[in-house]
Amino acid sequence: MQPKDLPVWRSLLFVPVNVDRFVDKAHTRGADAIQLDLEDSIPPGEKDAARARVQEAAKKVARGGADVVVRINRPWRLALKDLEATISPLVQAVALPKVDSGDHVRMIDEVVSELERERGMEVGTTKFIAMVETAPAFFRAAEIAAASPRVVALTLGAEDFALSVGMLPEPEGLLYPQIHIVIAARAAGILPLGFVGTVAEYRDMEALRATIRRSRRLGFMGASAIHPDQVRVLNEEFRPTEEEVAHARRVIAAYEEAQAAGRGAITVDGQMVDIPIVERARQVLKRHEAILRREAQARAGGDPV
Ligand SMILES: CC(C)(COP(=O)(O)OP(=O)(O)OC[C@H]1O[C@@H](n2cnc3c(N)ncnc32)[C@H](O)[C@@H]1OP(=O)(O)O)[C@@H](O)C(=O)NCCC(=O)NCCSC(=O)C[C@@](O)(CC(=O)O)C(=O)O
Ligand SMILES: [Mg+2]
């Protein structure tokens with residue numbers, strides 16, 4: 001499998017597309033991605049009006065350099081209309097809720113390819129975030145993650161998933177499914193997004209900080225937010241700390257020196273260092289640099305730097 005060029009998405013702010021006061025200022029909130037929502041934050045009677053606003057909203061929310069994601073609906077008749085309204089060069093990715101299987105992803109892939117072709121876009125440019133939100137999908141998470149080159153991220157919709165399996169969306173019950181998501185995403189070479197908790201609890205920032213810190217250690221690379229206050233915490237916590245970056249540099253320097261002297265295992269800061277530890281240190285630096293590039297790009301208003 002070819003390694004994918006994955007986006008830096010520490011924070012993905014959900015913005016109900018029909019709430020003007022949210023859309024108007026969303027670009028000032030510092031999120032790496034804005035997820036314009038057509039699904040659960042839009043009541044059934046508002047779906048048509050919301051869909052009609054997607055392109056204008058996409059233009060507005062991209063002003064600060066965030067990537068634009070649109071979350072479509074699950075029932076096919078709504079999903080098809082949503083895709084018609086969504087696919088354009090202004091939208092980098094589509095979030096697919098309540099995905100059932102690899103076939104489900106491939107059907108959407110085919111529709112998106114038709115639309116890209118018709119609209120003069122390069123086929124394959126629109127990426128997918130696959131949302132596992134049911135018990136059957138949980139058992140097909142690896143298949144879903146690997147279903148299309150468009151899928152760049154996998155996440156658990158904690159609220160819908162908890163509903164589907166009859167648990168409450170609490171860390172104790174969510175730990176196992178969330179770790180499953182991390183492993184399924186990594187097996188497909190894509191981003192695991194999420195945390196061991198639910199976005200619905202959005203008032204206690206210290207609790208969120210502790211949860212994100214723990215979730216990053218479990219392998220998550222970013223997560224959704226429903227409120228702007230959550231964005232700062234996600235951006236700060238889904239990045240290597242200064243200490244981790246400094247440690248990674250020491251590990252790599254010491255290892256390279258040791259290799260030149262014919263040694264494959266050494267001690268750094270009292271810990272044994274060999275190949276997987278060096279590789280982890282390289283990943284820390286790569287992530288650190290990718291985040292710095294992302295932040296520079298956001299400061300430049302979205303233009304590559
Ligand atoms: C919670 C609340 C009603 C609170 O509103 P309030 O108005 O009381 O908030 P305030 O504190 O007064 O706002 C302070 C300032 O922020 C502005 N502001 C607020 N929210 C903003 C925002 N989202 N975007 C931009 N701006 C915003 C506001 O305009 C004000 O700005 P200003 O006027 O300048 O002072 C509101 O946030 C909200 O509706 N959120 C989105 C909810 C949503 O999208 N749900 C669906 C996605 S989850 C899901 O589907 C679960 C899942 O599928 C997936 C999963 O888990 O991954 C699963 O299954 O689990
Ligand atoms: Mg959901």
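Order of listing sets the numbers, starting from 1, for every ligand and every atom in it. Keep in mind that the numbers below use all heavy atoms, side chains included, and drop hydrogens, waters and symmetry copies. Bear in mind the structure is a predicted one, so any value in this text is a computation, not a measurement.
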Backbone N or O of [Y] within a donor-acceptor pair of the [X] side chain at under 3.5 Å?
X	Y	answer
Thr211	Ala207	yes
Ser164	Ala135	yes
Asp37	Phe14	no

Just distances here: any N/O of Leu156 and N/O of ligand 1 closer than 3.5 Å?
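Among all N and O atoms of Leu156, none is under 3.5 Å from an N or O of ligand 1.
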
Heavy atom of protein closer than 4.0 angstrom to [atom]:
atom	answer
atom 17 (C) of ligand 1	yes
atom 35 (O) of ligand 1	no
atom 7 (O) of ligand 1	yes

List every atom of ligand 1 that sits less than 4.0 Å from any heavy atom of [X], numbering the atoms from 1 in the order shown and giving each element.
X	answer
Glu159	58 (C), 59 (O), 60 (O)
Ala158	56 (O), 58 (C), 60 (O)
Lys25	32 (P), 33 (O), 34 (O)
Arg21	7 (O), 28 (C), 29 (O)

Between Glu159 and the Mg ion (ligand 2), is there a contact where an N/O/S atom of the residue lies under 2.8 Å from the metal?
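Glu159 does not place any N, O or S atom closer than 2.8 Å to the Mg ion (ligand 2).
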
Short check: any N/O/S atom of Asp160 below 2.8 Å from the Mg ion (ligand 2)?
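Checking the Mg ion (ligand 2) against Asp160, an N, O or S atom does fall under 2.8 Å.
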
When you check the gap from the basic side-chain N to the acidic O, do [X] and [Y] get nearer than 4.0 Å?
X	Y	value
Lys60	Glu56	yes
Glu133	Arg74	no
Arg106	Asp103	yes
Asp48	Arg51	yes

Suppose we measure from [atom] to each protein heavy atom; which comes out shortest, and what is that distance?
atom	answer
atom 39 (O) of ligand 1	Phe22 CE1, 3.4 Å
atom 43 (C) of ligand 1	Ser41 CB, 3.8 Å
atom 41 (C) of ligand 1	Ile226 O, 3.4 Å
atom 2 (C) of ligand 1	Tyr202 OH, 4.2 Å
atom 54 (C) of ligand 1	Met131 CE, 3.8 Å
atom 44 (O) of ligand 1	Phe14 CB, 3.5 Å
atom 15 (C) of ligand 1	Arg29 NH2, 4.0 Å
atom 9 (O) of ligand 1	His227 NE2, 3.5 Å

Does ligand 1 have an atom under 4.0 Å from some heavy atom of [X]?
X	value
Glu39	no
Val15	yes
Arg203	yes
Phe161	no
Arg71	yes
Pro228	yes

Check whether any side-chain heavy atom of [X] lies under 4.5 Å from a side-chain heavy atom of [Y], and answer yes or no.
X	Y	result
Ile42	Arg71	no
Val245	Leu285	yes
Glu243	His247	no

Best match, Ala95, Gly157, Ala26, Pro16: closest heavy atom to atom 55 (C) of ligand 1:
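Nearest option to atom 55 (C) of ligand 1, by heavy atoms: Gly157.
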
Report the relative orientation of the aromatic rings in Tyr202 and His227; use parallel for angles under 30°, tilted for 30 to 60°, perpendicular for over 60°.
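Aromatic pair Tyr202/His227 classed parallel.
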
For this output row, return yes or no: ring centroids of Phe195 and Phe238 closer than 6.0 angstrom.
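No, they do not, as the ring centres are separated by 6.0 Å or more.
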
Where do Glu84 and Arg119 land on the salt bridge (Lys or Arg N to Asp or Glu O under 4.0 Å) test, with the steps shown first?
CA-CA 11 Å; Glu84 287 274 355; Arg119 294 171 186 188; 3.2 Å; yes

Salt bridge (Lys or Arg N to Asp or Glu O under 4.0 Å) assessment of Asp67 paired with Arg294
CA-CA 11 Å; Asp67 287 331; Arg294 161 102 235 171; 3.2 Å; yes

As a test of reading the structure, name the N/O/S atom of Glu133 that is nearest the Mg ion (ligand 2).
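For Glu133, the N/O/S atom sitting closest to the Mg ion (ligand 2) is OE2.
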
Does a donor on one side chain sit under 3.5 Å from an acceptor on the other, for Ser113 and Arg150?
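Their side chains do contain a donor-acceptor pair, which is all the 3.5 Å distance test asks for.
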
Among the clusters formed by ILVMFWY side chains lying less than 4.5 Å apart, do Leu154 and Leu156 turn up in the same one?
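Same cluster: Leu154 reaches Leu156 through Ile, Leu, Val, Met, Phe, Trp or Tyr contacts under 4.5 Å.
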
Record the part of Val199 in heavy-atom contact with ligand 1 below 4.0 Å; permitted values are side chain, backbone, both and neither.
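It is the side chain that gets close, since no backbone atom is under 4.0 Å.
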
